[in-house]
There are 4 protein chains.
Amino acid sequence: MIPKPTTKEQAVPRKGAAELAERKRPTQDERRAAILAAALDVFAENGFAAARLDDVAQKAGVAKGTLYLYFPDKQALFEALLQGLVSPVLQRIEALSADAALPASAILDGILTLFQTEIIGTNRERILRLIISEGPRFPKIAEFYHREVISKGREIIRTIAARGYERGELRSDAMAKFPQLFFAPLLTAVVWRSLFSRFDPLDVNAMIECHRKLMLGQKDEESPK
Amino acid sequence: MIPKPTTKEQAVPRKGAAELAERKRPTQDERRAAILAAALDVFAENGFAAARLDDVAQKAGVAKGTLYLYFPDKQALFEALLQGLVSPVLQRIEALSADAALPASAILDGILTLFQTEIIGTNRERILRLIISEGPRFPKIAEFYHREVISKGREIIRTIAARGYERGELRSDAMAKFPQLFFAPLLTAVVWRSLFSRFDPLDVNAMIECHRKLMLGQKDEESPK
Amino acid sequence: MIPKPTTKEQAVPRKGAAELAERKRPTQDERRAAILAAALDVFAENGFAAARLDDVAQKAGVAKGTLYLYFPDKQALFEALLQGLVSPVLQRIEALSADAALPASAILDGILTLFQTEIIGTNRERILRLIISEGPRFPKIAEFYHREVISKGREIIRTIAARGYERGELRSDAMAKFPQLFFAPLLTAVVWRSLFSRFDPLDVNAMIECHRKLMLGQKDEESPK
Amino acid sequence: MIPKPTTKEQAVPRKGAAELAERKRPTQDERRAAILAAALDVFAENGFAAARLDDVAQKAGVAKGTLYLYFPDKQALFEALLQGLVSPVLQRIEALSADAALPASAILDGILTLFQTEIIGTNRERILRLIISEGPRFPKIAEFYHREVISKGREIIRTIAARGYERGELRSDAMAKFPQLFFAPLLTAVVWRSLFSRFDPLDVNAMIECHRKLMLGQKDEESPK
DNA sequence: TATGAATGAGCCTTCATTCAT
DNA sequence: GATGAATGAAGGCTCATTCAT
């Protein structure tokens with residue numbers, strides 16, 4: 001269970017230890033990551049209140065006390081978990097939206113694709129679920145997420161939608177007014193999957209494709225894909 | 001706080017109790033209702049795991065043991081709560097949709113209005129929140145809700161959307177394929193309100209109006225409101 | 001360990017229950033008293049920090065959770081314990097000292113006798129030990145004890161000593177200035193007993209007799225006892 | 001706070017470390033002393049059970065593991081602490097009492113003065129407090145202290161008091177029989193200060209002066225101060 | 001020798017559930 | 001039926017001690 005030291009590539013330490021694929025003692029970063037990964041599993045499965053730190057420790061392969069070397073308490077661990085995995089996707093969205101020369105539909109397509117590939121089915125989806133479920137009881141999390149993700153995402157969509165509407169690419173300025181309408185089906189997909197996918201799976205890609213058409217106001221013939 | 005059994009000197013005790021202005025001993029149905037109402041408060045505020053039956057009992061004005069006379073355990077109380085408040089709205093939706101002569105837009109409008117008046121701001125919204133949050137850990141609830149509400153609602157929207165598309169009222173058959181797209185903004189509204197309304201309130205009605213336009217594929221001029 | 005409800009051979013249940021020596025279900029007062037008695041044992045033996053509530057519960061014959069029905073937490077239990085056993089002795093001292101006609105020596109003798117019979121060897125001595133040991137970490141306790149016992153006792157001694165000095169019964173007004181000098185040997189007896197009595201027992205009565213002589217300034221011949 | 005080992009560029013490191021004004025790497029004795037000093041702080045403030053070795057290590061400027069290089073465990077550290085600071089004062093008392101030519105009152109005065117200057121307000125007072133508080137749970141300490149200090153001090157007082165009584169310097173042989181009576185006010189001063197000095201400070205010197213008069217059986221006129 | 005991260009037994013406290021009244 | 005005191009299993013957190021470096 002506990003990795004043996006493996007003082008590796010030293011000149012001649014401890015025999016042939018180096019070439020072994022053996023477990024080395026994890027660095028603090030690795031341990032922290034292991035704890036967070038375990039915490040995601042346990043919190044996602046049970047919710048905050050019902051999650052047991054015993055389980056987190058066991059999954060992370062550390063002693064219970066070790067958790068407290070990395071996080072002051074259960075709530076801090078939870079909050080750290082929810083604040084640790086957000087940015088990269090948003091940055092890619094920002095990058096996408098920066099090119100004003102692109103047609104709105106292309107940018108929105110790109111964002112939808114990112115959602116399909118980088119969120120659905122990944123840990124980020126589980127984080128999202130946790131934020132939806134537990135956010136109301138963790139104002140700090142809700143505010144953080146609103147500030148770091150929601151408000152930025154909203155601005156991006158608002159800009160794109162407004163520009164697309166002015167250019168005549170979009171039939172309506174609805175999304176410029178309420179960018180939430182752009183994200184609503186994505187949120188719905190996440191919620192659906194968490195609730196019903198066991199017995200009524202959702203074809204997320206197909207639904208998003210329909211959403212795209214609706215959003216762009218295309219008539220059905222117009223859509224390729 | 002709670003009416004003592006009134007051990008007093010009533011010449012004709014307990015007979016015409018109803019017409020007495022004094023607090024009468026609650027009937028079982030009233031007690032059950034009080035417990036469920038209290039449970040909604042407590043579960044909605046804390047989630048299932050963190051909710052304390054002590055609080056439920058106190059809010060309901062009964063002793064803790066009394067809860068167990070009405071529900072076998074905490075989970076049963078929770079499940080009873082989530083299965084008790086769904087039907088009436090759905091029935092009204094079914095009624096609305098039954099009139100095939102109505103234009104699709106009118107029916108959808110009606111449904112949206114029902115949502116705005118009968119869900120948002122009511123206990124039903126809190127139930128919905130609970131289902132979203134806790135559903136994944138209560139398969140029974142998720143299945144029940146899917147069977148009783150989701151699948152029916154989906155069928156209704158599918159029918160209306162298909163009919164509207166055939167009649168040319170809708171520019172796209174997206175919603176016929178994925179009725180979730182119709183409900184997505186409503187779900188989003190509920191989630192938003194639970195997470196962000198404290199510091200970033202959402203104008204649900206305005207958003208729904210935008211959703212309506214987008215859905216119907218109207219150009220902006222076409223919408224009166 | 002836990003008194004069984006005694007569903008026994010009562011022909012006419014519940015009637016003649018009183019005269020049976022059988023264990024009846026303890027009243028709340030009895031339970032509270034049992035908890036406090038157990039707490040005294042456990043705290044006296046281990047000190048506050050090292051005392052285990054498990055042991056208290058076991059000694060009191062109740063479940064661990066029951067403690068929390070009577071006291072909000074460990075500290076409250078401890079404080080309740082230390083504030084529960086003081087008054088009667090002080091009242092008797094006050095009664096003794098009220099009679100100004102008595103010679104000072106008689107009153108002081110009476111107080112010393114009370115100490116020997118009502119404190120030494122009783123639970124009050126253990127309480128005293130706890131106050132001495134733990135008081136510095138429980139300001140509330142120290143203040144309470146100072147207010148309720150120390151300051152009153154000091155006033156009493158001061159009055160008696162001053163009066164005795166004026167009357168020529170006492171050779172010195174030392175005790176009128178520092179009544180602590182009257183109590184010092186008593187405190188010392190308690191401390192000695194807690195530390196050394198195992199291997200060097202102290203004849204408290206004899207020491208107190210010597211203290212009396214010293215205090216009264218008698219030459220040795222004068223005191224028979 | 002604590003001297004970092006000073007890993008700097010010393011041309012001639014570690015040789016004439018003593019005469020360098022800079023902080024040198026502490027010797028083992030210094031480290032031991034630092035640990036004991038820190039332990040006194042921490043144990044005095046919290047008592048044995050509630051004291052944290054973390055705090056001791058931090059105050060001593062060493063790592064927690066280092067404590068275990070110097071003391072096998074917490075209890076051994078505590079015991080070492082309580083056995084380390086006693087002797088010098090006792091030796092001075094012994095020296096004082098050795099001169100049989102001195103009048104008893106002079107020797108007793110000397111001892112009282114030593115107490116006032118060498119105990120009250122110093123670390124020795126804190127040690128004394130710890131012995132009083134924790135002694136009952138540390139028989140080894142109590143026995144050590146009894147053997148090394150108490151019994152010796154008692155013998156000294158007994159000798160002086162007996163001699164003084166024979167010579168007619170003391171009106172009573174009370175203290176010859178119970179030397180505890182001599183120390184009682186000193187003990188009382190220590191206990192009082194630990195419990196009440198925050199809100200009811202004690203003038204220790206004045207009290208001891210009164211004690212002296214009482215002890216010597218002087219009438220008030222006789223003592224100047 | 002010194003470090004401090006890691007361990008895990010132990011303890012206070014909570015709360016769903018029971019049951020005597 | 002209704003009560004609420006009592007129960008005791010469970011979980012968050014602490015901290016003395018260990019051990020790889």
Side-chain angles (χ1 to χ4, degrees), chain A residues 1-7 25-28 31 49-57 61-75 77, chain B residues 2 4-5 25-28 31 49-58 61-75 77, chain C residues 2 4-7 14 24-28 31 49-57 61-75 77, chain D residues 5 25-28 31 49-58 61-75 77:
Chain A
M1 171 153 298
I2 279 303
K4 283 297 177 178
T6 79
T7 5
R25 162 178 272 254
T27 65
Q28 283 190 229
R31 232 178 248 272
R52 279 177 294 136
L53 292 190
D54 262 325
D55 290 346
V56 174
V62 301
K64 210 177 351 167
T66 303
L67 301 181
Y68 291 85
L69 297 176
Y70 291 85
F71 304 95
D73 60 18
K74 189 185 185 184
Q75 177 159 344
L77 168 58
Chain B
I2 269 308
K4 283 289 178 181
R25 163 181 275 253
T27 67
Q28 282 189 227
R31 239 180 241 274
R52 279 176 294 134
L53 292 190
D54 258 323
D55 290 346
V56 174
Q58 193 175 20
V62 302
K64 206 167 16 157
T66 303
L67 301 181
Y68 289 83
L69 299 175
Y70 290 84
F71 304 94
D73 59 18
K74 188 185 185 184
Q75 178 159 343
L77 167 58
Chain C
I2 279 301
K4 282 295 178 180
T6 76
T7 4
R14 196 164 311 212
K24 65 184 189 313
R25 163 179 271 252
T27 66
Q28 281 188 230
R31 232 179 248 274
R52 279 175 296 136
L53 292 190
D54 260 325
D55 290 346
V56 174
V62 301
K64 213 181 339 174
T66 303
L67 301 181
Y68 290 85
L69 297 176
Y70 291 84
F71 304 94
D73 58 19
K74 188 185 185 183
Q75 177 159 345
L77 168 58
Chain D
R25 162 181 272 255
T27 66
Q28 281 189 228
R31 238 180 241 275
R52 280 176 292 134
L53 292 190
D54 258 324
D55 290 346
V56 174
Q58 193 175 19
V62 303
K64 204 166 18 155
T66 303
L67 302 180
Y68 288 84
L69 298 177
Y70 290 84
F71 304 94
D73 58 18
K74 188 185 185 184
Q75 178 159 343
L77 168 58

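Order of the sequence lines fixes the chain letters, A, B, ..., with proteins taken first and strands second; residue numbering starts at 1 for each chain. All values below were derived from every heavy atom in this structure, side-chain atoms included, with hydrogens, water molecules and symmetry-related copies excluded.
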Reported OH-to-OG1 distance for the pair C:Y70 and C:T66, which is rounded to 0.5 angstrom: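 The OH atom of C:Y70 sits 7.5 Å away from the OG1 atom of C:T66.
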From CG (B:L53) to CD (B:Q58), nearest 0.5 Å: 12.5 Å
For a quick check, with a 4.0 angstrom heavy-atom cut-off, what is the B/S/- contact string for nucleotides 9-14 of chain E, read 5' to 3'? -BSBBB
Listed nucleotide nearest any side-chain atom of D:L69, set E:dA6, F:dT3, E:dA2: E:dA2
Grab the [atom1]-[atom2] distance between [X] and [N] for me, whole Å please.
| X | N | atom1 | atom2 | result |
| --- | --- | --- | --- | --- |
| C:Y70 | F:dA6 | OH | C1' | 8 Å |
| C:L67 | F:dA6 | CG | P | 11 Å |
| B:F71 | E:dA16 | CZ | C1' | 16 Å |
| A:Q28 | E:dT3 | CD | C1' | 13 Å |
| A:R31 | E:dA5 | CZ | P | 11 Å |

Contact summary for B:D73 and B:Y68, nearest pair of heavy atoms: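 Scanning both residues completely, I find the closest heavy atoms to be CA-CE2, 4.0 Å.
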Distance-minimising heavy-atom pair for D:A57 and D:K64: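 Looking at all heavy atoms of both residues, the shortest contact is CB-CA, 3.8 Å.
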Where each pair must be Watson-Crick or G-U wobble with both distances under 3.5 Å, what dot-bracket representation of DNA chain F is obtained, with crossing pairs in [ ] and other-strand partners as |? .||||||||||||||||||||
